[in-house]
Visitor: 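The structure is given below, and queries will be raised subsequently.
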Amino acid sequence: QLLAGIGEFFVGNTFGATALSSYGGFWLSYAAILVPSFNSAAPYTAAAANGSGSATEFKTAVSFFLFGWFIFTFLMLVAVLRHSIAFIFLFTTLDMAFLMLALGEYLAKEALIKAGGVFGLLAAFAAWYCAMAQMLTQDNSFFTIPVSRESRVESSPSLPFRFCFFPPFVNRLTPRRLVLQTVSLQKKAI
């Protein structure tokens with residue numbers, strides 16, 4: 001994911017670069033927390049052993065880490081609100097996964113951690129769906145995967161043209177025709 005995010009920087013996709021690089025960094029840092037050989041919990045267990053801390057401080061620290069990612073994912077969700085329903089579903093389920101995991105760690109509730117895992121799986125399936133929808137276009141596939149958008153965005157002539165994932169006319173247009181379509185939509189909006 002981190003390497004895919006770096007690749008997105010080169011093609012100029014700021015959102016993809018930010019999201020993929022950030023979540024790639026998340027997986028690396030979360031692995032460092034959970035892998036025993038990194039000894040991330042050692043300072044907390046040592047403080048608990050000599051009486052200067054409690055054994056639950058490590059879980060609290062992990063929950064704050066996850067709460068930070070919940071906030072970041074919420075900001076990413078706000079950024080995709082003008083995109084497809086599939087992307088909105090992806091970031092909503094991912095946000096719920098971080099919230100449930102953070103609450104589960106903070107409150108030491110196994111049920112919340114399991115709920116976070118379920119939301120994480122839903123987010124993973126949504127991410128695979130979105131990835132396949134971007135790869136299976138009319139140019140290279142016999143079929144496409146539908147990703148819905150709000151119909152008011154497509155039908156409102158008063159809104160200026162904005163590119164969302166998979167508008168219905170993009171697969172039929174060459175870049176030159178796409179520019180002409182953009183200009184005509186902007187003239188209609190005026």
Side-chain angles (χ1 to χ4, degrees), residues 1-136 145 147 165-166:
Q1 230 174 357
L2 182 62
L3 293 177
I6 292 169
E8 292 296 317
F9 276 114
F10 291 114
V11 297
N13 182 1
T14 306
F15 178 80
T18 304
L20 290 171
S21 297
S22 298
Y23 291 118
F26 163 77
W27 285 117
L28 292 173
S29 59
Y30 198 53
I33 291 171
L34 298 179
V35 171
S37 62
F38 279 97
N39 283 335
S40 297
Y44 297 97
T45 55
N50 66 18
S52 64
S54 70
T56 60
E57 286 182 354
F58 180 68
K59 295 276 189 187
T60 304
V62 171
S63 72
F64 286 142
F65 173 75
L66 292 169
F67 274 124
W69 283 99
F70 164 73
I71 293 167
F72 175 77
T73 304
F74 179 76
L75 296 174
M76 293 280 102
L77 173 63
V78 170
V80 299
L81 287 177
R82 293 176 67 177
H83 291 281
S84 67
I85 300 298
F87 270 89
I88 294 170
F89 179 76
L90 165 62
F91 281 96
T92 301
T93 55
L94 187 58
D95 207 25
M96 292 303 296
F98 281 123
L99 179 63
M100 294 294 122
L101 290 172
L103 288 173
E105 291 288 341
Y106 188 75
L107 302 173
K109 300 281 186 187
E110 191 70 28
L112 288 173
I113 294 173
K114 287 183 181 180
V118 169
F119 279 113
L121 285 174
L122 287 173
F125 290 134
W128 282 108
Y129 184 87
C130 290
M132 290 305 297
Q134 285 186 345
M135 289 189 301
L136 298 176
I145 298 176
V147 285
F165 286 113
F166 308 108

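Just so you know, these numbers come straight off a predicted model, no measurement behind them.
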Visitor: Please report the closest heavy-atom contact between I6 and S21, naming both atoms and the distance.
Guide: N-OG, 3.7 Å

Visitor: Would you indicate whether the side-chain heavy atoms of D95 and F70 approach each other to under 4.5 Å?
Guide: yes

Visitor: Where the side chain of T93 meets the backbone of L90, is there a donor-acceptor pair that is under 3.5 Å apart?
Guide: yes

Visitor: Could you walk me through whether F125 and F89 pass the ring-ring contact (aromatic ring centres under 6.0 Å, His included) check?
Guide: CA-CA 10 Å; F125 290 134; F89 179 76; over 10 Å; no

Visitor: To the nearest 0.5 Å, what is the distance between OG on S29 and CH2 on W69?
Guide: 6.0 Å

Visitor: Is any side-chain heavy atom of F91 closer than 4.5 Å to one of V78?
Guide: no

Visitor: Measure across E105 and S63 and return the closest heavy-atom pair with its distance rounded to 0.1 Å.
Guide: CB-CB, 3.8 Å

Visitor: If every non-hydrogen atom of A97 is compared with every non-hydrogen atom of G120, which pair is closest and at what distance?
Guide: CB-N, 3.6 Å

Visitor: From L136 CG over to Q134 CD, what is the distance, rounded to the nearest 0.5 angstrom?
Guide: 10.5 Å

Visitor: If you count the non-hydrogen atoms of other residues, nucleotides and ligands that lie under 6.0 Å from OH in Y129, is the total more than 12?
Guide: yes

Visitor: Determine whether F98 and F119 make a side-chain contact, defined as any pair of heavy atoms from C-beta on separated by less than 4.5 Å.
Guide: no

Visitor: Apply ring-ring contact (aromatic ring centres under 6.0 Å, His included) to residues F87 and F15 and explain how you reach the verdict.
Guide: CA-CA 12 Å; F87 270 89; F15 178 80; 7.3 Å; no

Visitor: Do the non-hydrogen side-chain atoms of F38 and I33 ever get within less than 4.5 Å of each other?
Guide: no

Visitor: Are the side chains of T18 and M76 in contact, using a 4.5 Å heavy-atom criterion?
Guide: yes

Visitor: The criterion is side-chain hydrogen bond (donor to acceptor under 3.5 Å, both in side chains); which residues satisfy it with T56, sequence neighbours excluded?
Guide: S54

Visitor: Taking all non-hydrogen atoms of both residues, which atom of L101 and which atom of I113 are closest, and how far apart?
Guide: CD2-O, 3.7 Å

Visitor: Taking everything shown except F74 itself, do over 12 heavy atoms lie less than 6.0 Å from its CZ?
Guide: no

Visitor: Looking at Q1 and W27, what are the two nearest heavy atoms and their distance?
Guide: OE1-CD1, 3.0 Å

Visitor: Ignoring hydrogens and angles, tell me if any N or O in the side chain of T92 forms a donor-acceptor pair with the backbone of L77 under 3.5 Å.
Guide: no

Visitor: Compare all side-chain heavy atoms of F67 with those of L99 and state whether any distance is below 4.5 angstrom.
Guide: yes

Visitor: Counting only N and O atoms by type, is there a donor-acceptor contact under 3.5 Å from the side chain of S22 to the main-chain atoms of A19?
Guide: no

Visitor: Closest heavy-atom contact between V80 and I88?
Guide: O-CG1, 3.5 Å

Visitor: Could you tell me the separation between the NE2 atom of H83 and the CG atom of L81, rounded to the nearest 0.5 Å?
Guide: 9.0 Å

